[in-house]
Colleague: 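Before we start, here is the structure in question, set down as structure tokens.
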Amino acid sequence: QVQLVESGGGLVQPGGSLRLSCAASGSILSIYAMGWYRQAPGKQRELVAGITSGGSTNYASTVKGRFTISRDNAKNTVYLQMNSLKPEDTAVYYCNAEAIVTMTLVVNDCWGQGTQVTVSS
């Protein structure tokens, strides 16, 4: 069984920082591109940042320069460092893996359960 488990969300004041982590568990051989998405109340889920297996990154224009995505392939983990947080960053943040290859199967479009990030004074 393959799972993505996020951690690191919480309540932070405007201008503050948080670091999200997403760890994949299971008998994993490799993970394709990974990304962080977010969904605010009443809004559609949107891509925040993505990273390929080789480390190339892309960001939504709203977070560029404030957020940094990284990954540790040895730990099957992706991170999202969020700095200079704004109230409009408040959302549930989800981790996604394009595909996860295990010894017995390939799991496509794998999602974590989400972690709440609230930016408020």
Side-chain angles (χ1 to χ4, degrees):
Q1 184 179 1
V2 172
Q3 278 188 314
L4 293 177
V5 179
E6 300 105 332
S7 60
L11 173 64
V12 63
Q13 292 187 340
S17 298
L18 282 175
R19 189 192 195 208
L20 305 182
S21 299
C22 171
S25 62
S27 301
I28 296 170
L29 296 178
S30 64
I31 304 176
Y32 289 17
M34 301 186 77
W36 287 96
Y37 291 72
R38 67 186 181 187
Q39 187 167 21
K43 295 188 176 182
Q44 288 188 330
R45 190 174 297 189
E46 61 176 358
L47 175 67
V48 175
I51 185 167
T52 67
S53 56
S56 297
T57 60
N58 64 284
Y59 298 91
S61 59
T62 53
V63 307
K64 196 172 292 185
R66 299 188 297 123
F67 291 10
T68 302
I69 188 171
S70 61
R71 64 190 287 172
D72 185 333
N73 291 331
K75 295 182 179 180
N76 294 320
T77 300
V78 64
Y79 306 96
L80 186 67
Q81 177 67 42
M82 304 185 294
N83 299 328
S84 302
L85 282 160
K86 305 175 181 179
E88 50 263 44
D89 294 318
T90 296
V92 178
Y93 283 70
Y94 297 90
C95 173
N96 173 266
E98 179 186 14
I100 298 177
V101 181
T102 74
M103 296 186 69
T104 56
L105 52 83
V106 177
V107 180
N108 293 306
D109 198 27
C110 190
W111 290 89
Q113 82 287 352
T115 185
Q116 176 70 46
V117 171
T118 303
V119 184
S120 175
S121 55

Colleague: Would you say Leu29 and Val106 are hydrophobically clustered, going by side-chain heavy atoms of ILVMFWY under 4.5 Å?
Modeller: yes
Colleague: Assess, by modelled atom type and distance only, whether the side chains of Asp72 and Thr77 contain a donor and an acceptor separated by less than 3.5 Å.
Modeller: no
Colleague: How close do Gly8 and Leu18 get, heavy atom to heavy atom, and via which atoms?
Modeller: O-CD2, 3.8 Å
Colleague: Mind listing the closest non-hydrogen atom pair of Ser17 and Gln81 along with its distance?
Modeller: CB-NE2, 4.0 Å
Colleague: How about Val78 and Ser70: do any of their side-chain heavy atoms sit closer than 4.5 Å?
Modeller: no
Colleague: What I'd like to find out is whether the side chain of Tyr79 reaches to under 4.5 Å of the side chain of Leu20, using heavy atoms alone.
Modeller: no
Colleague: Does Tyr94 have Arg38 sitting over its ring (NZ/CZ under 6.0 Å from centre, angle to axis within 45°)?
Modeller: no
Colleague: Below 4.5 Å, heavy atoms only, C-beta onward: do Asn83 and Phe67 meet side chain to side chain?
Modeller: no
Colleague: Please determine whether the number of non-hydrogen atoms from other residues, nucleotides or ligands lying under 6.0 Å from atom CD of Glu88 exceeds 12.
Modeller: yes
Colleague: Indicate, with yes or no, if Met34 and Val101 share a hydrophobic cluster defined by side-chain heavy-atom contacts under 4.5 Å among Ile, Leu, Val, Met, Phe, Trp and Tyr.
Modeller: no
Colleague: List the residues meeting side-chain hydrogen bond (donor to acceptor under 3.5 Å, both in side chains) with Arg66, not counting sequence neighbours, and say none if there are none.
Modeller: Asp89
Colleague: Could you tell me whether a side-chain N or O of Gln39 sits under 3.5 Å from a main-chain N or O of Tyr93, the two making a donor and an acceptor?
Modeller: no
Colleague: Linking I/L/V/M/F/W/Y whenever their side-chain heavy atoms sit closer than 4.5 Å, directly or via other members, would Leu11 and Val117 fall into one cluster?
Modeller: no
Colleague: Please answer whether the main-chain N or O of Gly9 pairs with a side-chain N or O of Arg19 as donor and acceptor at a distance below 3.5 Å.
Modeller: no
Colleague: Nearest 0.5 Å, please: how far is CD1 in Ile69 from CH2 in Trp36?
Modeller: 8.0 Å
Colleague: Specify the closest pair of heavy atoms between Ser120 and Pro14, including all atoms of both residues, with the distance to one decimal.
Modeller: C-CD, 3.6 Å
Colleague: Please tell me if the side chains of Trp111 and Tyr37 come closer than 4.5 Å, counting only heavy atoms from C-beta onward.
Modeller: yes
Colleague: For Val12, run the side chain to side chain contact (heavy atoms under 4.5 Å, CB included) check against Thr118, Thr90, Val119 and tell me which one passes.
Modeller: Val119
Colleague: One pair to check against side chain to side chain contact (heavy atoms under 4.5 Å, CB included): Tyr32 and Asn108. What are the steps and the verdict?
Modeller: CA-CA 9 Å; Tyr32 289 17; Asn108 293 306; over 6 Å; no
Colleague: Check whether the side chains of Glu98 and Asn96 place a donor and an acceptor atom closer than 3.5 Å, and report yes or no.
Modeller: no
Colleague: Distance check, rounded to the nearest 0.5 Å: Cys22 atom SG versus Gln3 atom CD?
Modeller: 11.0 Å
Colleague: I need the Thr57 OG1 to Lys64 NZ distance, nearest 0.5 Å.
Modeller: 9.0 Å
Colleague: Has the side chain of Glu6 got a donor or acceptor atom that lies under 3.5 Å from a matching backbone atom of Thr115?
Modeller: no
Colleague: Could you give me the CA-CA distance, side-chain angles and deciding distance for Arg71 and Ser53, then say whether side chain to side chain contact (heavy atoms under 4.5 Å, CB included) is met?
Modeller: CA-CA 8 Å; Arg71 64 190 287 172; Ser53 56; 4.2 Å; yes
Colleague: Indicate the atoms forming the closest heavy-atom contact of Ala24 with Ile31, along with that distance.
Modeller: CB-CD1, 3.7 Å
Colleague: Are Leu4 and Val92 connected, step by step, through hydrophobic side chains (Ile, Leu, Val, Met, Phe, Trp, Tyr) whose heavy atoms are closer than 4.5 Å?
Modeller: no
Colleague: In the structure I gave you, are the side-chain heavy atoms of Leu80 and Thr68 within less than 4.5 Å of one another anywhere?
Modeller: no
